[in-house]
Amino acid sequence: MNKLALAALAVMLSAGCGHSARADDAAAAVSSVVSVLPQWPDGPANAAEPEGSGVVIGDGRSVVTAAHVLGQAHDIHVRSSQGVIVPARLVAVDKATDLALLTMEEPLPPLSFSGDARLGQPACAIGNAFGLGLSMTCGTVSAVHRSGVGFNAVEDFVQTDA
């Protein structure tokens, strides 16, 4: 996947093409969220951000994650919500959107996309901030197509309130 395709994926994801947030759907989505475990050449993991999160997409062999989580990692593994650890390989990085695409030999359950986010729709965010383990928060879509925020070169955010 080239940088343009990765940027298009960023726009698609930020435009709200995510799993709906009904309780049963949110629980199913957890199996599509993984911990990304980078290993650095100088030994111990980055103390500020020892691991991150990613989302399994497509045929279950691709993972989208934040590029900054990977840093200068020489080796990458992915841990499923069930604790299964599989090796992953970096395919593409787009620094403008802070996204990276990984690939794995072993498939995991992919996230199913349900269409564009709508105002008032329930929404959940699932992540692994600072390597503390997977966490989830749920709220409501309060705005769509937010831009001009200054976070990324490509901006089309869904705003949520939890």
Exercise. For T140, does its backbone N or O pair with a side-chain atom of D161 as donor and acceptor, under 3.5 Å?
Worked result: no

Seminar exercise, completed: Here the pair of heavy atoms bringing V141 nearest to A117 is CG2-CB, 4.2 Å

Problem set entry | S53 side chain vs V34 backbone, donor-acceptor pair below 3.5 Å | no

For this session: Would you confirm whether R61, through its side chain, and E105, through its main-chain N or O, come within 3.5 Å as a donor-acceptor pair?
Result: yes

Exercise. Out of curiosity, E106 CD to S80 OG, how far, rounded to the nearest 0.5 Å?
Worked result: 11.0 Å

Exercise. For V33 and S81, what are the C-alpha separation, side-chain angles and deciding distance, and is it a side-chain contact (heavy atoms from CB on, under 4.5 Å)?
Worked result: CA-CA 7 Å; V33 177; S81 60; over 6 Å; no

Exercise. What closest approach, in Å, do E51 and P38 show between heavy atoms, and which atom pair accounts for it?
Worked result: CA-CD, 4.1 Å

For this session: Search all heavy atoms of S62 against all heavy atoms of L101 and return the closest pair with its distance.
Result: CB-CD1, 4.1 Å

Problem set entry | Nearest non-hydrogen partners of L90 and A100, listed with the distance | CD1-CB, 4.0 Å

Problem set entry | Verdict with reasoning, D116 to R118, per side-chain contact (heavy atoms from CB on, under 4.5 Å) | CA-CA 6 Å; D116 291 342; R118 296 175 312 279; 5.7 Å; no

Exercise. Where the side chain of S32 meets the backbone of V55, is there a donor-acceptor pair that is under 3.5 Å apart?
Worked result: no

Exercise. Under the side-chain contact (heavy atoms from CB on, under 4.5 Å) criterion, do L70 and L102 qualify, and how do the steps go?
Worked result: CA-CA 10 Å; L70 303 175; L102 307 174; 4.0 Å; yes

Problem set entry | side-chain contact (heavy atoms from CB on, under 4.5 Å) between T65 and I76, intermediate numbers included | CA-CA 12 Å; T65 188; I76 304 166; over 6 Å; no

Exercise. Do you know which two heavy atoms are closest between L99 and A67, and how far apart they sit?
Worked result: O-CB, 3.7 Å

